[in-house]
Amino acid sequence: MSNGPELIITEKDNAARRIADILSGESVEAERVNGVNVYKWGGKRCIGLSGHVVGVDFPPEYNDWRDVEPVELIDAPVDKHPTQENIVAALRRLARRARRVVIATDYDREGELIGKEAYELVRDVNEDVPVDRVRFSSITDREVTEAFENPDELDFDLAAAGEARQIIDLVWGAALTRFLSLSARQLGDDFISVGRVQGPTLKLIVDREREIDAFDPEDYWELFADLEKDGEGFESQYFYLDDDGNEAERVWDGDDAEAAYETLEDVAAATVESVRRRTRTDEPPAPFNTTQFIRAAGSIGYSAQRAMSIAEDLYTAGYMTYPRTDNTVYPEDLDPEELLSEFSGHRTFGEDADSLLEQEEIEPTAGDNETTDHPPIHPTGELPSPSDLSEDEWEVYELVVRRFFATVAESAEWEHLRVVADADGLSLKANGKRLVEAGYHAVYPYFNSSESFVPAVEEGEELAVTDTRIEDKQTQPPRRYGQSRLIETMEKMGIGTKATRHDVIQKLYDRGYIESDPPKPTRLARSVVEAGEEFAELIVSEEMTAQLEQDMQAIARGEATLEGVTDESREILEDVFEGLMSSGEEVGEHLQKSLKADKTVGTCPDCGGDLVIRKSRRGSYFIGCDSYPDCTYTLPLPSTGKPLIMEDTCDEHELHHVKMLAGRKTFVHGCPLCKAEEADEQEDLVIGTCPECGEEHGGELAIKRLRSGSRLVGCTRYPDCDYSLPLPRRGDVEVTDDSCEEHDLPKIRITYDDDREPWDLGCPICNYREYQAQQNGSELEAVKGIGEKTAQKLQDAGIGDVSALKEAEPDALADAVDGVGPDTVREWQANAD
DNA sequence: GCAAGGTC
């Protein structure tokens, strides 16, 4: 029996640190084993994994897509191998001498599987050590202490349920993805993927687009009258009772609408027929889970991806709780009063917190989902000051704080006033609403709480008609799903998880299935969904997940086995492949056609063939003729971003406009032929001598416009000399009389058509130097462990970029940078790889 | 290089 330490294993480093703090009474020491944090106190060690540290995959001999028939993957073996070598090695090292192991991964199915993976790694090196499992749903003193006082055993059945999912997802996903990619001859980066979650998500988007395409708009009319009482005006709308006796505002017949309007136009007054007052209670919202957080962040302009990334940063910095949760019920341990009082006296939140603390009773709201995974998202007692956060981070942090405030605030009260009046036989109605008790709206301004005014009137009263309007309208097609609606719908359908839904949407963008925001499906996406519907219905249906969920529950209850469930799934996939393989060519042709349609910009002016977007061997995009090599017509595209063909076309050339997608730097390039012609017409403006070849060959620097639409300061001897400096894409370039003494070049100013302030860019060489320094700085900041300030210090010490950091001698660099030791430098160097 | 699920 070893008398080594007791080893506690958690799912992530953050949890390891907090659990160690709780169990040790905050007397914990941190050390690094293989570059992994290990927390140690007394005879205990605590290590955090990084989710799954082993992955499932086929053996290497199945790696070649061409050599292996996709159908062979169905019965191929599935192996597990370490994916996080350093963590696995650290775990093994600690487990070897451990006297006891406690698995403390998250309290959900995936956590049980991650725990089992850790268990197996432990067993590899230590056959006898006892292994326990503890379960708690939030990392608080009471829950953690209690869990460790009552250890349980790993639930191998629950873990097996998770393993069945892993295998089924891999086999179906890989086999079908390879089949589609091979059939369409898409083997590079642009393979064609399908899977249990992305399939139905894509179908959701495609189905909505089909509805939009099939939509046939209908004309209708709406009539309005402005009424007035004692000089106070308000709007009313005409309505009638339809065949079913329901109130209707839309008039579907033009003649009817015209007739009603003629009557309305002629009336001078309307008589009040009924007045109804009602108060409505407006309950505060439930605590945030991931989906509702993403939705709220979406309403203030953040994409799902961005919202989650900011939340992640706020979580790691300790300002808010774990952002991936299904739970909408605060744990009992959370004392809202205590948390509120942390905000008391705060510059931004103090007043609101104090007003909430004055309430007679503080009773938080609760949603419908009570799960064991993590608590709902809420701020921790640790408060950042605005200078600790970027503007976006602060905005998201404020949202989280205010949502917490709202959940402990009182309900709001609205007074609704509904007035119906008669105008020469026509019914008019007006709905007013007034917020009589602001309640939670006072601390949570993200919901619409605008009022609409209708004065207090009484039955029988005469109201003046001051104006009338008739509006002709059309019924609208259903709206595309926005990102947050998509995530909500996925949650409702039961596909994906809190941690993956937003990634799935990103994946659809990356695969060329959707574009723009709200996402619109490409032709390729339609074809993939069509192929799925015809040959592999399950892979585009939420049924697959529903069935899998049932099977997993059966495994977890011990009523089914992992082998039984995966074997059955493999048989179903065999059947799918029978159909697919007999129609492989047809499927491939269909996909290829759509791929080409997605890339076609228009007709080639030289030969009448199709102009398509292509990628050069260097990886940049350009437009070329599909009849190449017979026709060599080309047009350049900007070097930043990924081209997207837009729906509208150029009046002159009939080519589709092109948009360049580059995240937040996305811009519309327009007609590529117009851009090229503009560049051909523009003469280069010489501004000075080329620093590279001026003395020797007389090269000059000039402001140039390229056919790709970009502008630069470049040498007139190009291509013999390729010296160049970048210029911004937008705005007009102006050469000022002011000049740079160091480089003897005029200073440049950028002006804009809109009301934006001009930008004094200055000397183009100086400007480029600054830009490069900034780029290198952010490159340095991308290295784990280096923040903005450290990056600045490193630059001051002569470390301009990442490669310089890697080559630096650790001791020398540590001497040159305040507060940094050689070990830290080595760590950065390791992280930089 | 394929999926989906953890986490960073």
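Keep in mind that what you see is a predicted model, and the values were worked out from it rather than measured. Note on naming: letters A, B, ... go to the chains in the order of the sequence lines (proteins, then strands), and numbering restarts at 1 for each one.
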Which side-chain N or O atoms in residues 497-512 of chain A pair as donor and acceptor under 3.5 Å with protein atoms at least two apart or in another chain?
residue, atom, partner, partner atom, Å
A:Thr497, OG1, A:Ala499, N, 3.1
A:Thr497, OG1, A:Thr500, N, 3.3
A:Thr497, OG1, A:Thr500, OG1, 3.1
A:Lys498, NZ, A:Asp108, OD2, 3.4
A:Lys498, NZ, A:Asp373, OD2, 2.9
A:Thr500, OG1, A:Thr497, N, 2.9
A:Thr500, OG1, A:Thr497, O, 3.3
A:Arg501, NE, A:Ile495, O, 3.0
A:Arg501, NH2, A:Gly496, O, 3.2
A:Gln506, NE2, A:Asp510, OD1, 3.1
A:Tyr509, OH, A:Ser516, O, 2.6
A:Arg511, NE, A:Ser193, OG, 2.8

Looking across every strand, which nucleic acid part, if any, lies under 4.0 Å from [X] by heavy atom: base, sugar-phosphate, or nothing?
{"X": "A:Arg109", "answer": "nothing"}
{"X": "A:Gly162", "answer": "nothing"}
{"X": "A:Glu11", "answer": "sugar-phosphate"}

Out of [options], which nucleotide sits closest to the side chain of [X]?
{"X": "A:Asp503", "options": "B:dT7, B:dA4, B:dG5", "value": "B:dT7"}
{"X": "A:Tyr322", "options": "B:dC2, B:dT7, B:dG6", "value": "B:dT7"}
{"X": "A:Lys12", "options": "B:dG5, B:dT7, B:dA3", "value": "B:dT7"}

Between [atom2] of [N] and [atom1] of [X], the distance in whole Å:
{"X": "A:Ile168", "N": "B:dA3", "atom1": "CD1", "atom2": "P", "answer": "17 Å"}
{"X": "A:Ile9", "N": "B:dG6", "atom1": "CD1", "atom2": "C1'", "answer": "16 Å"}
{"X": "A:Glu110", "N": "B:dA4", "atom1": "CD", "atom2": "C1'", "answer": "8 Å"}
{"X": "A:Leu170", "N": "B:dG6", "atom1": "CG", "atom2": "P", "answer": "17 Å"}
{"X": "A:Asp13", "N": "B:dC8", "atom1": "CG", "atom2": "P", "answer": "7 Å"}
{"X": "A:Ile167", "N": "B:dG5", "atom1": "CD1", "atom2": "P", "answer": "15 Å"}

Handout entry: Side chains of A:Asn289 and A:Glu491 in contact at under 4.5 Å (non-hydrogen atoms)
Key = yes
Practice task
Report yes if the side chains of A:Ile19 and A:Ile139 come closer than 4.5 Å at any heavy-atom pair, otherwise no.
Solution key: yes
Could you give the side-chain donor-acceptor pairs of residues 162-177 of chain A under 3.5 Å, partners two or more places apart or in another chain?
residue, atom, partner, partner atom, Å
A:Glu163, OE1, A:Lys116, NZ, 3.1
A:Glu163, OE2, A:Lys80, NZ, 2.8
A:Glu163, OE2, A:Lys116, NZ, 3.2
A:Arg165, NH1, A:Asp169, OD2, 3.1
A:Arg165, NH2, A:Glu110, OE2, 2.9
A:Asp169, OD1, A:Arg196, NE, 2.6
A:Asp169, OD2, A:Arg196, NE, 3.4
A:Asp169, OD2, A:Arg196, NH2, 2.8
A:Trp172, NE1, A:Ser569, OG, 2.8
A:Thr177, OG1, A:Gly173, O, 2.6
A:Thr177, OG1, A:Val194, N, 3.2
A:Thr177, OG1, A:Val194, O, 3.3

Is the phosphate of [N], meaning OP1 or OP2, less than 4.0 Å from a side-chain N or O of [X]?
{"X": "A:Thr497", "N": "B:dG6", "result": "yes"}
{"X": "A:Thr500", "N": "B:dG5", "result": "yes"}
{"X": "A:Arg165", "N": "B:dG5", "result": "no"}

Practice task
Just jot down the salt bridge (charged side-chain N to carboxylate O under 4.0 Å, His left out) partners of A:Glu543, sequence neighbours excluded, or say none.
Solution key: none
Please list, chain by chain and in numerical order, all residues satisfying side chain to side chain donor-acceptor pair (under 3.5 Å) with [X], sequence neighbours excluded.
{"X": "A:Glu395", "value": "A:Tyr302"}
{"X": "A:His374", "value": "A:Lys12, A:Asp106"}
{"X": "A:Ser484", "value": "none"}

Problem - Sequence neighbours excluded, every pair satisfying ring-ring contact (aromatic ring centres under 6.0 Å, His included) that has a member inside residues 562-588 of chain A - result: A:Phe179-A:Phe577
Exercise for the section: State whether the distance check finds a donor on one side and an acceptor on the other, under 3.5 Å, for side chain A:Asp57 versus base B:dC2. Expected result: yes
Practice task
Flag the pair A:Arg178 and A:Glu69 as a salt bridge only when some basic side-chain nitrogen lies within less than 4.0 angstrom of an acidic carboxylate oxygen.
Solution key: no
Above 12 or not: heavy atoms from other molecules or residues under 6.0 Å from [atom1] of [X]?
{"X": "A:Arg614", "atom1": "CZ", "result": "yes"}
{"X": "A:Arg485", "atom1": "CZ", "result": "no"}
{"X": "A:Glu391", "atom1": "CD", "result": "no"}

Practice task
Hey, could you give me each pair passing salt bridge (Lys or Arg N to Asp or Glu O under 4.0 Å) that has a residue in residues 575-589 of chain A? Not counting sequence neighbours.
Solution key: none
Selection: [range], any non-hydrogen atom under 4.0 Å of DNA chain B:
{"range": "residues 173-180 of chain A", "answer": "A:Gly173, A:Ala174, A:Thr177, A:Arg178"}
{"range": "residues 527-542 of chain A", "answer": "none"}
{"range": "residues 192-201 of chain A", "answer": "A:Ser193, A:Val194, A:Gly195, A:Arg196, A:Val197, A:Gln198"}
{"range": "residues 62-73 of chain A", "answer": "A:Asn63, A:Trp65"}

Practice task
Considering non-hydrogen atoms only, spot the tightest contact between A:Asn34 and A:Ala89 and give its length.
Solution key: ND2-CB, 3.0 Å
